[in-house]
Amino acid sequence: MSLESTTRPAVATRTVRAIKHLRWWMLGLFLLGVTVNYVTRNSLGILAPELKTSLNMSTEHYSWVVAAFQLAYTLFQPLCGWLIDVIGLKMGFLICALIWSLTCLLHAGAGSWLHLALLRFVMGASEAAATPANAKAIGDWFPKKERPVAAGWAGVGFSVGAMLAPPIIYVAHISFGWQGAFLLTGGLGLLWVGLWWWGYQSPEKHARLSDEERAWITQDNEAVGEKLPFFQALKTIGKEKKFYGIAIPAFLAEPAWAVLSFWVPLYLANERGMDLKQIVMFAWLPFLAADLGSVASGYLTKIYVKWFGLTRVNSIVASSVTGAALMISLALMTMVKDPYLAIALISIGGFGHQVISCMLSALVVERFDRRQMATVNGMRGSCAWIASFIFSLIIGVTADTIGFNPLFVAMGFFDLVGAIFLVMFIAERRQRSAEQ
């Protein structure tokens, strides 16, 4: 038995009133941080057309700026996850959020595309904490039976920030210029850091967590593994076949999200003839659809359990496969001429992608112990962003010659290939009678 389990609960005498359903309030506070995270990172994509002019960037230069963020995000996700597993969610996520907020403020002083790329690298390294922290928050605050639904709601923060970024950036841009847009979003990050420091505690330490809810959270009596050195943790996880059943689908899924986050505004400007105002009016719709996909994904697992009698793991796999089928809409989008129909089909793709993404996070917290969750999700995210990094470089050197359409066709079928690996490596072949 670990020291952590022998010391729970930490609050022996209650001196403050408990808050009902505190686990959902804590998830909401975390989601607010992820929302700010995505507002800061997506500011670049919204401002891309003007930044290309102001900083004298070519499309290839812009691809390197995007790739700098993606490279750092790829390299640092496992390290951020390990840090969060070792020092805890509160301090680990706080340190990273402070760094990314300050870096966003410094974007206002960028004088060249190379300067901007260096800042994006630092931002990517610190914002890499979001994905591993997501798994840690779900694993710490929810029992297994609630985790698919919690994972669905947790995914909302990743897309709602992207949805809110266009109007926030547009208002800041017309008021203060592109420099002011970066200052505003960086300031929002610093405000959230203060709120997180004041409001968050782990379930073991939170004074407002009732004994009844603490018992609900810990009902699974999960074993808590030991803390491992960074490289030993990577080696241990890398030996697990089930890790690759999650990592390979993540690798194949992430290019679509990278395109939604960084390239769709430029695509709408170059190939659909939209100006900045039109982009702001419509570019948020795929992220609204992604929000709906996030929420729907967890409840979809309940339908598969109830209607088809699937195990919890198989219901998560089935939900993810459903999302993969919806991604075909990206390929269909290339066949339509109406820009608004194109946005609708891209939005279906956003819905499908976020179903997949949330369910992969749910599989991490379902299949790995609590001491590994953030590290595993960081490694999963790293695999995803390797694909994102490569795909952005491909777009940068090909978009001006062959256009975006062949790339959208490829993205429409990547996730169906990933679904095969989910079924092969993760899906259960026999019912586990004790699970439900």
Side-chain angles (χ1 to χ4, degrees), residues 4 8 19 21-38 77-98 100 126-161 189 192-193 195-206 208-209 213-214 216-220 222 224-225 246 291 294-295 297-298 316 354 357-381:
E4 181 177 334
R8 185 184 294 136
I19 297 176
H21 308 300
L22 183 64
R23 64 193 184 280
W24 293 103
W25 287 100
M26 290 297 98
L27 184 62
L29 178 59
F30 173 75
L31 293 187
L32 182 60
V34 174
T35 298
V36 173
N37 177 297
Y38 263 75
Q77 282 195 73
L79 182 59
C80 289
W82 174 81
L83 178 69
I84 289 168
D85 276 334
V86 170
I87 70 174
L89 178 61
K90 178 173 183 175
M91 289 306 302
F93 202 37
L94 184 146
I95 291 169
C96 294
L98 181 61
W100 89 56
S126 53
E127 291 200 338
T131 296
N134 179 53
K136 187 70 171 176
I138 297 168
D140 281 356
W141 280 97
F142 293 88
K144 286 187 174 182
K145 64 175 65 176
E146 281 189 332
R147 287 177 185 172
V149 173
W153 281 102
V156 169
F158 291 86
S159 47
V160 102
W192 180 84
V193 167
L195 183 61
W196 179 257
W197 172 259
W198 170 78
Y200 185 84
Q201 289 291 350
S202 67
E204 294 79 18
K205 297 179 181 179
H206 210 299
R208 293 187 179 274
L209 181 63
E213 188 170 7
R214 181 177 286 108
W216 174 259
I217 292 169
T218 60
Q219 65 182 270
D220 301 303
E222 292 177 275
V224 180
I246 297 171
D291 287 333
S294 296
V295 175
S297 61
I316 297 172
Q354 207 62 359
S357 182
C358 292
M359 292 301 92
L360 292 178
S361 289
L363 286 171
V364 169
V365 296
E366 177 70 31
R367 303 291 278 166
F368 291 87
D369 71 56
R370 287 180 57 203
R371 187 69 74 190
Q372 294 179 313
M373 286 177 184
T375 306
V376 173
N377 218 29
M379 292 174 66
R380 188 265 296 187

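One is the number of the first residue; the rest follow in order along the sequence. All of these numbers come straight from a predicted model, not from anything done at the bench.
To the nearest 0.5 Å, atom CD of residue Glu204 and atom CG of residue Leu209 are 9.0 Å apart. A distance of 10.0 Å separates CD1 in Ile84 from CG in Leu79, rounded to the nearest 0.5 Å. The structure places CD of Gln77 at 8.0 Å from CZ of Arg380, a figure rounded to the nearest 0.5 Å.
In this structure, the ring of Trp192 has its center no less than 6.0 angstrom from the ring center of Phe30.
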I'd like a table of donor-acceptor pairs (distance under 3.5 Å, sequence neighbours excluded) in which one partner is a side-chain atom from residues 127-135, with atom names and distances.
residue, atom, partner, partner atom, Å
Glu127, OE1, Arg41, NE, 3.2
Glu127, OE2, Thr40, OG1, 2.5
Asn134, ND2, Ser361, OG, 3.4

Under 3.5 Å, sequence neighbours excluded: what are the donor-acceptor pairs made by side chains of residues 86-95?
residue, atom, partner, partner atom, Å
Lys90, NZ, Trp197, O, 3.1
Lys90, NZ, Tyr200, O, 3.1

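Counting all heavy atoms, side chain and backbone alike, Ala362 lies closest to Pro148 at CB-CA, 4.2 Å. The shortest heavy-atom contact between Arg214 and His206 is NH2-O, 3.6 Å. Of all non-hydrogen atoms in Trp216 and Gln219, the two that sit nearest each other are O-NE2, 2.8 Å. Residues Thr375 and Trp82 come closest through the heavy atom pair OG1-CA, 3.4 Å. Shown here for Ser297 and Met359, the closest heavy-atom pair between the two residues is OG-CE, 3.5 Å. When every heavy atom of Ile138 is checked against every heavy atom of Arg147, the shortest pair comes out as CG2-CG, 3.7 Å.
When the shell of 6.0 Å around CH2 of Trp25 is examined, it contains 12 or fewer heavy atoms from other residues, nucleotides or ligands.
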* salt bridge (charged side-chain N to carboxylate O under 4.0 Å, His left out) between Arg23 and Glu213, intermediate numbers included -> CA-CA 8 Å; Arg23 64 193 184 280; Glu213 188 170 7; 2.9 Å; yes
* Verify side chain to side chain contact (heavy atoms under 4.5 Å, CB included) between Val36 and Trp196, making sure each step is shown before the conclusion. => CA-CA 12 Å; Val36 173; Trp196 179 257; over 6 Å; no
* Could you go through the side chain to side chain contact (heavy atoms under 4.5 Å, CB included) check for Ile217 and Phe142 one step at a time? => CA-CA 5 Å; Ile217 292 169; Phe142 293 88; over 6 Å; no
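Within the 4.5 Å cutoff, the side chain of Lys136 has heavy atoms near those of the Asp85 side chain.
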